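Notes follow the structure.
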Amino acid sequence: MAYFICDISALRFWLSNRPTRRMLTHPASTEQFALSTAAARDLPIEQLADLGIRSMPLHVAVSNRAKKRLSTRVFAHIYEKDLPAGSFFHVRRDIFIEHPVLALARTATRLGEVETLRRLHLLTAQFYVHEGELFQRTPLLSKREIETFLVQLQGVPGAAFLNRLLPYLAEGAASPREICVSMLLSLPARKGGYGLPLAQLNATIELADGSVRITDLSWRRRKVILEYDSDTFHIGKEGIGRDAERRVKLQAAGYHVVTLTNRQLKSERETYEVARLLRRRLGLSAFRPGKGFQKRNAELRRKLGL
């Protein structure tokens with residue numbers, strides 16, 4: 001018997017600090033899925049704990065209705081239709097985990113657009129947060145890999161929902177604030193954002209003197225860069241001084257460098273002014289968000305925790 005962890009339980013697992021890309025290399029077979037169970041009495045507690053899975057009820061997939069059991073510890077989802085190859089991965093002896101994109105698709109309508117898009121960013125991010133601290137890691141997936149897998153999910157609930165959000169996914173975020181800034185700037189006015197073209201996150205720019213600079217958000221064709229100054233991720237004057245030196249060198253190389261501070265980000269009016277400046281630097285027309293934008297913007301900011 002085997003437990004095929006799915007839905008919100010699988011998504012929580014992939015967004016924790018434990019998973020690595022290596023776990024996406026052992027797909028389950030149809031024969032293995034036939035062994036799926038939802039029996040609460042046989043839960044492999046030690047294997048689950050080793051994976052950092054402790055939240056109950058545990059959401060699991062089963063191959064038919066006959067395997068569904070009533071339990072406060074296990075919630076069974078019936079997967080009777082054929083699943084695309086690579087829908088589950090074998091991570092421990094008796095445990096399989098649903099593909100992160102499939103898990104997100106199945107939870108997307110419950111999460112809503114903002115939280116789903118945030119989680120798409122987290123799947124492609126270069127970091128994880130553990131007990132309030134930021135740690136680096138190799139992204140679990142690239143945007144291209146997400147797009148490729150979604151092609152296989154046509155007809156699966158939530159897949160179309162994810163596809164509609166992909167144009168606003170900027171991969172490679174290095175901090176939670178970068179995700180918030182990118183979403184706030186790139187989402188269209190009808191969703192409360194400022195409607196800017198999607199920026200590249202943490203792009204590497206080579207300067208004439210041979211030095212390399214990694215920028216927060218950049219629109220390289222227009223030679224526009226947004227640097228986010230967060231006192232959360234800078235310690236003391238030394239970090240601030242390095243940021244200032246970096247900006248001077250980028251400006252000398254012909255880049256327009258716009259700065260967004262944590263204080264500005266927390267202010268609707270000041271963030272709006274920064275977005276207007278970026279539009280001018282990018283050569284875009286004036287921002288005309290339409291009626292009700294202030295309310296939509298405030299709601300988006302609330303959902304982003306700003």
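This one's a predicted model, so the numbers in the text were calculated from it and none came from an experiment.
For His59 and Phe75, the gap between ring centers is short of 6.0 Å. Aromatic ring centres of Phe293 and Tyr272: separated by at least 6.0 Å.
Counted within 6.0 Å of CZ on Arg213, heavy atoms from surrounding residues, nucleotides or ligands total more than 12; the atom is thus considered enclosed. Under a cut-off of 6.0 angstrom, the local environment of CD in Gln294 is sparse, with at most 12 non-hydrogen atoms contributed by other residues, nucleotides or ligands.
Of the possible donor and acceptor atoms, none in the side chain of His121 sits under 3.5 Å from a partner among the backbone N and O of Thr124. Under the 3.5 Å distance criterion, the side-chain polar atoms of Arg110 are matched with a main-chain donor or acceptor of Arg106. With Ser267 contributing its side chain and Gln264 its backbone, the two residues share no donor-acceptor pair below 3.5 Å. Trp219 places no side-chain N or O within donor-acceptor distance of the main-chain N or O of Leu282, the cut-off being under 3.5 Å. In this structure a side-chain-to-backbone donor-acceptor pair under 3.5 Å is missing from Tyr194 to Pro289. Without hydrogens or angle criteria, Arg279 side chain to Ser285 main chain gives a donor-acceptor distance under 3.5 Å. A donor-acceptor pair is defined here as one N or O able to donate and one able to accept, closer than 3.5 Å; no such pair exists between the side chain of Glu178 and the backbone of Ala173. A donor-acceptor contact shorter than 3.5 Å is absent between the side chain of Lys191 and the backbone of Leu300. Looking only at distances, no side-chain donor or acceptor of Thr271 sits under 3.5 Å from a matching main-chain atom of Glu268. Thr116 contributes a side-chain N or O that, together with a main-chain N or O of Ala108, makes up a donor-acceptor pair within less than 3.5 Å.
Judged as a side chain to side chain donor-acceptor pair (under 3.5 Å), and not counting sequence neighbours, the contacts of Ser142 are Glu145. Taking Glu299 as the reference, Arg302 meet the side chain to side chain donor-acceptor pair (under 3.5 Å) condition, with sequence neighbours excluded. Considering only residues two or more places apart in sequence or on other chains, Arg190 meets the side chain to side chain donor-acceptor pair (under 3.5 Å) condition with none of them. Contacts of Glu270 classified as side chain to side chain donor-acceptor pair (under 3.5 Å), with partners at least two apart in sequence or in another chain: Arg263.
With contacts defined as side-chain heavy-atom distances shorter than 4.5 Å, the pair Leu226/Val274 qualifies. A 4.5 Å side-chain heavy-atom check between Leu260 and Asp216 finds every atom pair outside the cut-off. Side chains of Leu217 and Leu185 form a contact here, defined as non-hydrogen atoms less than 4.5 Å apart. In this structure, Leu83 and Val156 have side chains that are not in contact, with every pair of non-hydrogen atoms separated by 4.5 Å or more. The shortest distance between side-chain heavy atoms of Leu24 and Leu141 falls below 4.5 Å. Counting heavy atoms from C-beta on, the side chains of Asp42 and Thr37 never come closer than 4.5 Å. When side chains are defined from C-beta on, Leu250 counts as touching Leu207, because their heavy atoms get closer than 4.5 Å. Taking the side chain as every heavy atom from C-beta outward, Phe33 and Phe96 never approach each other to under 4.5 Å.
Judged as a side chain to side chain donor-acceptor pair (under 3.5 Å), the pairs with a partner in residues 44-58 (not counting sequence neighbours) are, in order, Arg12-Ser55, Gln47-Asp94, Asp50-Arg92. Sorted by first and then second residue, the ring pair (Phe, Tyr, Trp, His ring centres under 6.0 Å) pairs with a member in residues 139-164 read His99-Phe149; sequence neighbours excluded.
Taking CE of Met23 as the reference point, atom NE2 of His90 lies at 11.5 Å (rounded to 0.5 Å). Leu153 CG to Ser87 OG: the interatomic distance, rounded to the nearest 0.5 Å, is 6.5 Å. Thr148 contributes atom OG1, which lies 6.5 Å from atom CZ of Arg144 (distance to the nearest 0.5 angstrom). Summarising the geometry, atom CZ belonging to Arg222 is positioned 13.0 Å from atom CZ belonging to Arg281; distances are rounded to the nearest 0.5 Å. Rounded to the nearest 0.5 Å, atoms CD1 (Ile8) and CG (Leu111) are 5.5 Å apart. Atom CD1 of Ile95 is separated from atom CD1 of Ile5 by 5.0 Å, given to the nearest 0.5 angstrom.
Here the closest heavy-atom approach between residue Pro100 and residue Leu11 is recorded as O-CD1, 4.2 Å. For the pair Arg296 and Gly290, the tightest heavy-atom approach, listed with the atom from each and the gap, is NH2-O, 4.2 Å. Minimum interatomic distance between Arg119 and Leu15 (heavy atoms only, all atoms of both residues): CG-CD1, 3.6 Å. Closest of all the heavy-atom pairs between Arg73 and Met56 is O-SD, 3.4 Å. Minimum interatomic distance between Ser218 and Ile225 (heavy atoms only, all atoms of both residues): CB-CG1, 4.0 Å. The minimum heavy-atom distance between Ala174 and Leu134, with the atom names listed, is O-CD2, 3.7 Å.
Hydrophobic clustering places Trp14 together with Leu166 (ILVMFWY residues linked when any side-chain heavy atoms are closer than 4.5 Å, directly or through intermediates). Under the 4.5 Å side-chain contact rule for hydrophobic residues, Tyr255 and Val181 do not share a cluster. Cluster membership check: Val114 shares its hydrophobic cluster with Leu117, using side-chain heavy-atom separations under 4.5 Å among Ile, Leu, Val, Met, Phe, Trp and Tyr. In this structure, Val257 is not a member of the same hydrophobic cluster as Leu265, with clusters built from ILVMFWY side-chain heavy atoms closer than 4.5 Å. Follow the hydrophobic side-chain contacts under 4.5 Å out from Ile205 and you never reach Leu201; the two are in separate clusters.
Classified by interplanar angle (parallel below 30°, tilted 30° to 60°, perpendicular above 60°), the ring pair Phe4/Phe88 is perpendicular.
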side-chain contact (heavy atoms from CB on, under 4.5 Å) between Leu140 and Tyr128, intermediate numbers included: CA-CA 11 Å; Leu140 285 173; Tyr128 66 89; over 6 Å; no
Tyr228/Asn262 under side-chain contact (heavy atoms from CB on, under 4.5 Å): CA gap, chis, key distance, verdict: CA-CA 8 Å; Tyr228 176 60; Asn262 209 28; 2.5 Å; yes
Criterion side-chain contact (heavy atoms from CB on, under 4.5 Å) on Leu198 and Ser182, from CA distance to verdict: CA-CA 7 Å; Leu198 191 67; Ser182 179; 4.2 Å; yes
Working for side-chain contact (heavy atoms from CB on, under 4.5 Å), residues Tyr79 and Ser36: CA-CA 10 Å; Tyr79 285 35; Ser36 59; over 6 Å; no
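No hydrogens or angles considered: nothing links the side chains of Tyr168 and Glu113 as a donor-acceptor pair under 3.5 Å.
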